[in-house]
Undergrad: 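Before anything else, here's the structure in question.
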Amino acid sequence: MLVDRNPLATSAASVPSGVEPLTGSKFFTEASVDSWLAAGLVVGTALYLYGVYRLRLRGDAWPPLRTFCFLVLGFGSVAAVTVSGLHAYDTAVISVHMIQHMVLSMIAPIFLALGAPVTLALRLLPKSPKALLLSVLHSRVAKVVTHPLYAYALFVINPFVLYFSGLYRLSLENAFVHELVHLHFLATGCLFFWPLLGLDPLPNRWPYPGRALLMLLSVPFHTVLGLTIMQSTTLLGGDWYPNLGLTWLDPFTDQKTAGGILWAGGEIVSVTMLGVLILQWIRQQEREARRVDRQLDREEAAEAARIKSDSEGTDEITRAGASPSGG
């Protein structure tokens, strides 16, 4: 078993020791649900399912794919890296922490956005709470924090601030700060991906060319950060990892692995999402083309009906003038 890393400790004296090698079975045997993040997942799942249930009670449909994206792929991926046995190693193995980083900031937010929880809430809330939520969504603060450029700046700059300052060491020493870092990863990822891919009504939503460009511009930053970590001769967290005394793991080798995860994972997710955005853009153009075609068809039908009506009126006048009524 793993030795407790003293979650209430706030100093370097809480350096964990006696950590056993990470194996596949540890993913299950070292799972823990005693964090407030785990409690948030439970509450969020219950609220989402209750909302879907309420919609069905009144006869409204809610796409099952949205529920699957939000709960299974979204919350499920968060739980996989924060509640499972990986959480027991995230202050002992740098590469495990980097897996958490990638999932919380780049994978889970995508599926949470596709789950459209704000749309679900707007369809269920009574008039007053619904008006309050809409006022929040369209407030000045929301317009700032959801602006693609602001979210982009947070998304690409924050990792550099975390890993190359004392914040990372503090997150290793203090369990509460460590959980806040997890929440911060998730929040910044949601702010970045929600306006790009989400289905919810948000201010500052750019057209698809701008979204694709922003996604493309995020790729170099993950590459630079990953390569910097891989090539660094200084360990992240200072002497934290060497002081663990793990005979089965070399901190420098593990840090290179962590940098590679960040580099490769960032590029894979970014390029994949770029492809998704382009596909959505193409589909939008196709829908717009069909809408224009339908409008043109309606206009042509109306014009044909007008011409026919005018022609029938002219024929009637002609017939009336040619009648032998005047002898």
Side-chain angles (χ1 to χ4, degrees), residues 5 12 15-16 19 21-22 77-78 80-82 84 86-110 151-175 177-189 191-193 214-274:
R5 58 187 175 92
V15 176
V19 181
L22 175 59
S77 60
V78 174
V81 296
T82 61
S84 72
L86 287 181
H87 183 58
Y89 287 86
D90 60 2
T91 58
V93 182
I94 309 175
S95 55
V96 169
H97 163 81
M98 204 58 70
I99 292 173
Q100 288 181 321
H101 177 161
M102 295 303 302
V103 171
L104 293 175
S105 65
M106 296 197 70
I107 296 178
I110 293 171
Y152 173 77
L154 284 179
F155 187 70
V156 301
I157 293 175
N158 280 358
F160 288 91
V161 175
L162 172 66
Y163 294 124
F164 302 110
S165 72
L167 288 176
Y168 184 67
R169 177 61 181 255
L170 180 61
S171 72
L172 295 173
E173 297 172 343
N174 188 301
V177 174
H178 192 72
E179 294 290 334
L180 285 180
V181 169
H182 288 167
L183 183 61
H184 181 73
F185 280 150
L186 189 61
T188 54
L191 286 176
F192 180 68
F193 285 105
L214 207 60
M215 195 73 249
L216 181 63
L217 291 176
S218 70
V219 176
F221 288 93
H222 290 98
T223 302
V224 170
L225 180 58
L227 289 174
T228 301
I229 291 175
M230 291 178 68
Q231 297 172 358
S232 176
T233 57
T234 303
L235 282 174
L236 299 178
D239 61 354
W240 174 272
Y241 294 105
N243 285 346
L244 299 182
L246 303 183
T247 59
W248 52 272
L249 184 69
D250 175 53
F252 282 98
T253 301
D254 188 44
Q255 180 163 301
K256 292 182 184 298
T257 302
I261 290 172
L262 183 60
W263 176 18
E267 288 198 352
I268 290 172
V269 174
S270 296
V271 172
T272 301
M273 293 316 304
L274 180 60

Undergrad: Decide yes or no for V161 and I157: does some side-chain heavy atom of the first lie under 4.5 Å from some side-chain heavy atom of the second?
TA: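 A side-chain contact exists here, since the closest heavy-atom pair is under 4.5 Å.
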Undergrad: Below 4.5 Å, heavy atoms only, C-beta onward: do M273 and F193 meet side chain to side chain?
TA: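 Result yes, sub-4.5 Å side-chain heavy-atom pair found.
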Undergrad: Could you tell me whether the side chain of W240 reaches within less than 4.5 Å of the side chain of Y168, counting heavy atoms only?
TA: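 A side-chain contact under 4.5 Å is absent here.
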Undergrad: Rounded to the nearest 0.5 Å, what's the gap from CD on Q255 to OG1 on T253? Could you check?
TA: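 Between atom CD of Q255 and atom OG1 of T253 there are 10.0 Å.
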Undergrad: Could you give the side-chain donor-acceptor pairs of residues 224-232 under 3.5 Å, partners two or more places apart or in another chain?
TA:
unit_1	atom_1	unit_2	atom_2	d
T228	OG1	V224	O	2.6
S232	OG	T234	N	3.1
S232	OG	T234	O	2.9

Undergrad: Do L172 and H97 have side chains that get closer than 4.5 Å, going by heavy atoms?
TA: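 No, every pair of side-chain atoms sits at 4.5 Å or beyond.
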Undergrad: Would you check if H182 and D90 make a side-chain contact, meaning some heavy-atom pair closer than 4.5 Å?
TA: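 H182 vs D90: side chains touch.
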Undergrad: Could you state the interatomic distance from CG (L235) to CD1 (I94), rounded to the nearest 0.5 Å?
TA: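 CD1 of I94 is found 5.5 Å from CG of L235.
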Undergrad: Answer yes or no: is there a donor N or O on one side and an acceptor on the other, between the side chain of N243 and the main chain of D239, under 3.5 Å?
TA: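 Yes; at least one donor-acceptor contact below 3.5 Å.
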Undergrad: Taking the side chain as C-beta and beyond, is there a heavy-atom pair between F155 and F221 under 4.5 Å?
TA: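 The answer is no; the side chains never approach within 4.5 Å.
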Undergrad: Which atom names give the shortest non-hydrogen contact between M98 and A258, and what distance separates them?
TA: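 Answer, listing the atom of M98 first, then A258: CG-O, 3.2 Å.
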Undergrad: What are the two closest non-hydrogen atoms of F185 and L162, and how far apart are they?
TA: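 Minimum heavy-atom contact is CZ-CD2, 3.5 Å.
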Undergrad: Side-chain donor-acceptor pair under 3.5 Å between T82 and Q100, yes or no?
TA: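 T82 vs Q100: no donor-acceptor pair found between side chains.
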Undergrad: If I take atom NE2 from residue H101 and atom CD1 from residue I107, how far apart are they, to the nearest 0.5 angstrom?
TA: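 Taking NE2 in H101 and CD1 in I107, the distance rounds to 11.0 Å.
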Undergrad: Where do L86 and A80 come nearest, in terms of heavy atoms and distance?
TA: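 The pair with the smallest heavy-atom distance is CD1-O, 3.7 Å.
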Undergrad: Which heavy atom of T91 sits nearest to which heavy atom of L244, and what is that distance?
TA: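 Scanning both residues, the minimum pair turns out to be O-CD1, 4.0 Å.
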Undergrad: To the nearest 0.5 Å, tell me how far I261 CD1 sits from H222 NE2.
TA: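 The NE2 atom of H222 is 13.5 Å from CD1 of I261, to the nearest 0.5 Å.
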Undergrad: Tell me, which pairs form a salt bridge (charged side-chain N to carboxylate O under 4.0 Å, His left out) where one or both residues lie in residues 96-110, sequence neighbours left out?
TA: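 Of all non-adjacent pairs touching residues 96-110, none passes salt bridge (charged side-chain N to carboxylate O under 4.0 Å, His left out).
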Undergrad: Specify the closest pair of heavy atoms between Y241 and P251, including all atoms of both residues, with the distance to one decimal.
TA: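 That would be CB-CB, 4.0 Å.
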Undergrad: At what distance, to the nearest 0.5 angstrom, does CG of D254 lie from CG of L249?
TA: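 Interatomic distance, D254 CG to L249 CG, rounded to 0.5 Å: 4.5 Å.
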Undergrad: Pair L104, V78 - check side-chain contact (heavy atoms from CB on, under 4.5 Å), show working.
TA: CA-CA 6 Å; L104 293 175; V78 174; 3.9 Å; yes
Undergrad: Grab the two heavy atoms, one from S105 and one from P109, that are nearest each other, plus how far apart they are.
TA: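 In terms of heavy atoms, the two residues are closest at O-CG, 3.6 Å.
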Undergrad: So, taking the atom named OH in Y89 and the one named OG in S95, what distance separates them when rounded to the nearest 0.5 Å?
TA: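 Rounded to the nearest 0.5 Å, the OH-OG separation comes to 12.0 Å.
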Undergrad: Are side-chain heavy atoms of L154 and H184 found at a separation under 4.5 Å?
TA: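 When only atoms from C-beta onward are counted, H184 and L154 do not touch, as no gap falls below 4.5 Å.
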Undergrad: Side-chain contact test, heavy atoms from C-beta onward, threshold under 4.5 Å: evaluate it for M215 versus F192 and give yes or no.
TA: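 Counting from C-beta outward, M215 and F192 do come under 4.5 Å.
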